[in-house]
Amino acid sequence: MEKKRIYMSSPTMHGEEQAFVQEAFDTNWVAPLGPNVNAFEREIAEYTGCGHAAALDSGTAAIHLALKLLGVKQGDVVFVSDLTFSASCNPILYENATPVFIDAEPDTWNMSPEALKRAYEKYPNPKALICVHLYGTPAKLKEIMELCDAHGTPMIEDAAESLSSTYQGKHTGTFGRYGIYSFNGNKIITTSGGGMLVSADEEATKRATFLATQARDPARHYQHSQIGYNYRMSNVTAGIGRGQLLHLEEHKAKKKAIYEQYKQAFADIPEIQMNPMNPEGDANNWLSCMTISEGCDVTPDQVMDALDEKCNAETRPIWKPMHMQPVFAEYDFWPHYTDRKSVGEDIFARGLCLPSDIKNTQVDMEDIIRTVKGLF
Ligand SMILES: *Cc1c(COP(=O)(O)O)cnc(C)c1O
C-alpha cells in the first residue's frame with residue numbers, strides 16, 4: 001500500500017464549517033453577500049482588533065483594492081518586499097505602477113530597513129509600501145514604520161501568511177493604513193479561497209466593498225461612474241471561514257509545536273538553521289523552514305528529494321525572490337548588503353520549507369526528522 005502523503009500545509013476542517021455552510025443553504029443565501037459574509041468580517045475585526053474589514057474572494061484582490069484606495073496609478077513607485085510570493089506585487093502591475101523591490105534582512109527574512117533607507121535616497125516619494133510578514137514571522141515594523149512616517153508613505157501590510165501573528169502584542173495586519181489576509185487553501189485558516197482587506201478607516205473598507213461589487217452607484221437602474229470589480233466573498237465560503245476562525249488559535253499552537261519540534265531535533269546539527277523569529281513578535285509559524293550552512297555539501301534539493309522518496313512528504317523551495325523573476329527583471333532592486341549576494345538570493349539558495357501540516361502525527365514528524373538528519 002502506498003504510504004500516506006504528508007503535506008506542507010493542507011486544509012484542516014473541524015465540522016463547524018459545514019454547519020455555517022448548511023445554514024447558508026437552508027436560508028438560500030448562496031450569493032456573494034449574506035449573513036456569513038457580514039459576520040465573518042465582524043469576527044475577523046474583533047479577533048484582530050483591526051477596526052473594519054471587507055471580505056473578498058482572494059488576498060490578491062485585497063492588495064489590489066488597497067492600492068486602488070491609495071490612488072496608485074501609472075508611473076507611481078511602490079516599494080515591496082522582494083522575498084515573497086508574486087501575489088504581493090502583481091497588483092502593482094495591474095495598475096501599471098512601478099514596483100521597487102526591497103531585499104530581506106537576515107534576522108526575520110522580511111523587508112530590510114537598511115535597504116529601504118537607501119531606496120528612499122533614490123525614490124523619496126513612493127506612493128505606497130507593501131510589507132510582507134513572510135512565513136508568519138512579523139517584520140521589523142518599528143524601523144520600517146519610522147521610515148514610512150518620515151516620508152509620509154502609507155503602508156499596506158501583506159499579512160496573507162501571518163494571520164494570528166502579533167508584533168509587540170498587536171496583530172500583524174493592523175499596523176498599516178491597510179492590512180490584508182488570505183484564506184487560500186494552504187494558509188493557516190482557509191475558506192477554500194478568499195481574502196480580507198482590513199483598516200481602522202471604516203469609510204475605506206466601505207469603499208473597498210463598493211469597488212468589489214462592480215462600483216454600482218446608488219440608483220434604481222445600473223449606474224456606474226467608476227470601474228468596478230467582482231471581488232466579493234461568497235456567503236458559502238464565508239461560512240467555512242467562520243467555522244475555521246473558531247480554531248485559529250488551536251492551529252497556531254500546533255504550528256508552533258511543529259516549529260519547536262524541528263528546532264529541538266536539529267539543534268545538534270550545526271549545518272541546519274531554522275527560519276529566524278522576531279523577538280518583538282509572536283509568530284504563527286505558518287511554515288517551518290530550514291537553511292543549510294554555506295559550504296555544507298548537502299543541498300536543499302537533496303533534502304526535498306529524500307523527504308519525497310522516503311517519507312512521501314511534500315516540501316517546497318523558499319519563495320524565489322521577485323528581482324530574480326523573469327517577469328520583473330526590468331525593475332529596480334535594493335539589496336541589504338552592498339558588497340555581497342542579496343539576502344533573499346542567499347536564503348533561496350540554501351533554504352526549503354518543511355512539512356508543516358497540523359495533521360502531521362508524531363510518527364510523521366519523527367520520520368521526517370530522521371530522514372533529514374540522516375543526510376548530515
Ligand atoms: C497567499 C499569499 C497572497 C495571496 O493570497 P491569495 O488569497 O492566494 O490571493 C499574497 N501574499 C502572500 C505573501 C501570500 O503568501
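Both counts, for ligands and for their atoms, begin at 1 and track the order of listing.
- A ring-centre distance under 6.0 Å is not found for Tyr229 and Phe210.
- Tyr167 and His133 have their aromatic ring centers separated by at least 6.0 angstrom.
- Of all the heavy atoms in His171 and Thr174, the pair that sits closest is O-OG1, 2.6 Å.
- Nearest heavy atom pair, residue Ile6 against residue Cys311, reads CD1-O, 3.7 Å.
- Taking the six-membered ring for Trp and the full ring otherwise, Phe101 and His323 have centroids separated by 6.0 Å or more.
- Protein neighbours of ligand 1 below 4.0 Å, counting non-hydrogen atoms: Ser58, Gly59, Thr60, Thr84, Phe85, Ala87, Ser88, Val132, Asp158, Ala160, Glu161, Ser182, Asn184, Lys187, Gly194.
- Shown here for Leu211 and Leu65, the closest heavy-atom pair between the two residues is CB-CD2, 4.0 Å.
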